[in-house]
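See structure below.
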Amino acid sequence: MKIRYLPHTADVRMLLEAESLQKLFVAGTKGMSNLLKEGICDHTFIFHRKTTIKTSASDFTNLLIDFLSDVLSHTYANNTIYCKINILSFKKYGIVAEIFGNEINEFDEEIKAVTYHEANVVKNAESNLWETCIIFDI
Amino acid sequence: MKKLRKTDIIKIEDFLWEIPKSFREDMLVPARVLCFETLLDDILEDRSLNQLVNVATLPGIQKASFVMPDVHEGYGFPIGGVAATKLPDGVISPGGIGYDINCGVRLLTSTLKIEQIQDKLEELSKEMYAQIPSGMGKGGDIHLSAEEMNQVLTTGAEWAVANGYGVEEDLAYIENNGKLVEADPDMISEMAKKRGTSQLGTIGSGNHFVEVDYIEEIYDEEVAKAYNLEIGQVVILIHTGSRGLGHQVATDYIRLMMNAMPKYNIKVPDRELTCVPLNSVEGEQYFKAMCAAANYAWCNREVISAEVRTAWKNIFQENAGELKLLYDVAHNIAKIETHTVNGTRENLVVHRKGATRAFGPDFEELPPKYKHAGQPVIIPGSMGTCSYILAGTKKSRELAFGSCCHGAGRRLSRTAAKKQVNAPVLKEKLKERGIYIEAGSFKGIAEEAPIAYKDVNLVVDTVHASGIAKKVAKLKPVVVIKG
């Protein structure tokens with residue numbers, strides 16, 4: 001699982017790579033949360049908050065963006081940063097997952113939205129890894 | 001995607017360039033760029049003009065897709081973009097408004113001159129920072145009940161006035177009087193309402209700010225008189241939008257439209273351009289929700305004005321005088337307007353994403369004292385440089401659906417800005433120049449450093465030369481409050 005942040009004129013561009021589609025969702029959540037509070041998911045292992053998210057979409061790209069948007073909504077609605085995912089069900093264009101995190105007082109970054117722009121979930125034939133780019137509107 | 005080169009662009013006038021409809025077969029209209037040639041070279045550095053070409057493919061688009069001289073790459077629409085689609089079945093696209101619905105600017109004028117406040121600037125900056133909640137995801141002191149939330153979404157800035165957070169006289173000086181009557185709170189999700197519960201009166205982070213400036217130069221004495229502006233006069237700029245509530249509304253409806261588009265046989269070259277006909281069920285729902293979020297934003301800026309007024313009184317006591325609203329105008333919004341297209345009056349949905357409405361004299365909505373001057377257009381520059389007050393013109397309607405630029409426009413990524421700028425040093429340097437900055441973090445200062453932005457003077461000079469708005473006054477900052 002690899003998460004990289006690249007420059008964008010006004011926003012943040014994140015590149016994700018993972019061994020499986022499910023792990024791409026895990027990487028996306030971790031990458032987004034680490035932006036919201038720098039490195040928080042690299043250090044926190046005990047979580048006090050849990051929410052269940054159920055999302056469906058028309059393809060895997062939309063599913064990932066919509067899932068991360070739902071995580072972001074819960075982040076702000078509950079002042080909680082979510083680092084851990086437990087995927088309960090994952091099928092073609094649908095996911096049910098428990099997300100775990102902790103309440104925080106202040107964010108390092110304010111993400112307005114997870115955008116569909118440039119997002120494209122594909123399996124790279126060379127690396128055999130699932131990958132996508134995600135642009136956050138900040 | 002076909003790469004866009006300068007040779008693909010035709011010069012129409014010194015400040016107007018066109019990518020012809022023939023550039024790409026799916027374009028329905030040409031794409032037009034308002035800028036001097038020196039700015040065009042900069043603009044071609046990113047993909048904003050490719051995005052402008054994509055906008056020219058939207059069903060029902062009229063005349064041309066436009067970008068203003070402060071354009072930069074966005075997602076779907078470029079920032080600084082304007083597109084008008086024809087009613088009743090032309091599309092509405094949430095991406096053409098942006099996630100921060102009714103992000104906008106207002107300007108308060110004071111009765112004090114810069115020399116009267118010079119020795120209290122540091123104290124003022126700290127008091128304003130204390131009064132105005134700012135920063136990442138920060139909440140304010142107001143916690144709306146469900147009923148109050150619906151009132152805010154329905155009545156906009158009127159709610160602030162009715163509840164002791166605003167001034168009745170302000171309402172006449174807000175675009176649409178601070179209330180879009182088409183708003184329907186029932187079209188807003190519970191999640192969006194939850195996110196907005198405690199964010200009224202907060203500026204947020206990023207490029208949002210509250211700034212104290214003084215008028216350094218006046219270019220048009222007649223209009224300045226109508227606007228009650230004088231050299232040396234202290235004014236306050238407020239730049240923010242609909243906060244988490246607006247972000248959630250955009251997210252909700254982009255998703256909804258993404259699923260609805262096949263029903264209307266609409267295909268777009270970028271998912272962020274997702275759209276549906278305005279007269280569809282989804283189009284009407286989004287429009288009503290967007291209007292409600294816009295009302296929240298106007299209420300937010302009115303509440304922030306109350307916080308500014310409190311800070312001002314706390315510092316200047318009996319000498320404070322009144323802070324009056326010059327104008328409040330949105331730069332991320334869609335409005336139903338009537339414009340002339342090919343000699344015919346047409347009802348259009350005008351999308352402005354990072355573009356400001358700039359209507360000229362005799363526009364019926366303007367308060368009587370601005371009727372001959374035209375609508376005030378407020379253009380914030382970057383932190384530590386300068387900002388402008390302009391006046392809308394009749395020509396803006398002829399050229400670009402009554403629109404002009406909204407700011408300086410970014411040129412460096414936030415990452416690049418952070419690499420190049422030492423924020424504590426910048427803060428001290430600006431202080432030496434008499435500019436006091438209070439911010440939630442040094443990171444925020446670095447990201448918004450002047451070097452990260454285009455030259456606002458060049459942007460405003462283009463706008464002035466093109467005739468879509470005329471320069472009235474130049475502002476110099478002395479206090480900046482950032483998230």
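Order of the sequence lines fixes the chain letters, A, B, ..., with proteins taken first and strands second; residue numbering starts at 1 for each chain. Since the structure is predicted, the reported quantities are computational estimates derived from the model, not experimental observations.
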Answer yes if the ring centres of B/Phe209 and B/His239 are under 6.0 angstrom apart, and no otherwise. yes
Tell me if the centroids of the rings in A/Phe47 and A/Tyr82 come within less than 6.0 Å of each other. no
Largest heavy-atom contact set with chain B, pairs under 4.5 Å, which of [options]:
options                    : result
A/Ile138, A/Ile135, A/Leu6 : A/Ile138
A/Ala57, A/Ser69, A/Ser73  : A/Ser73
A/Ile111, A/Leu72, A/Asp70 : A/Asp70
A/Ile65, A/Val12, A/Thr61  : A/Thr61

With only heavy atoms counted, which part of B/Gln248 is less than 4.5 Å from chain A, the side chain, the backbone, both or neither? side chain
Any luck finding a side-chain donor-acceptor pair between B/His331 and B/Asn102 under 3.5 Å? no
Validate the cation-pi geometry between A/Lys84 and A/Phe100: distance from NZ or CZ to the six-membered ring centre under 6.0 Å, angle to the ring axis within 45°. yes
Part of [X] lying under 4.5 Å from any heavy atom of chain B:
X        : value
A/Ser56  : neither
A/Asp59  : side chain
A/Asn62  : both
A/Val114 : backbone

Does atom CG of A/Asp42 have more than 12 heavy-atom neighbours, drawn from other residues, nucleotides or ligands, at distances under 6.0 Å? yes
Interatomic distance, A/His48 atom NE2 to A/Asn102 atom CG [nearest 0.5 angstrom]: 5.0 Å
Fit a plane to each ring of A/Tyr93 and A/Phe60, take the angle between them on a 0 to 90° scale, and name the class: parallel (under 30°), tilted (30 to 60°) or perpendicular (over 60°). perpendicular
Using a cut-off of under 4.5 Å on heavy-atom pairs, state which of B/Glu45, B/Arg195, B/His72 scores highest against chain A. B/Arg195
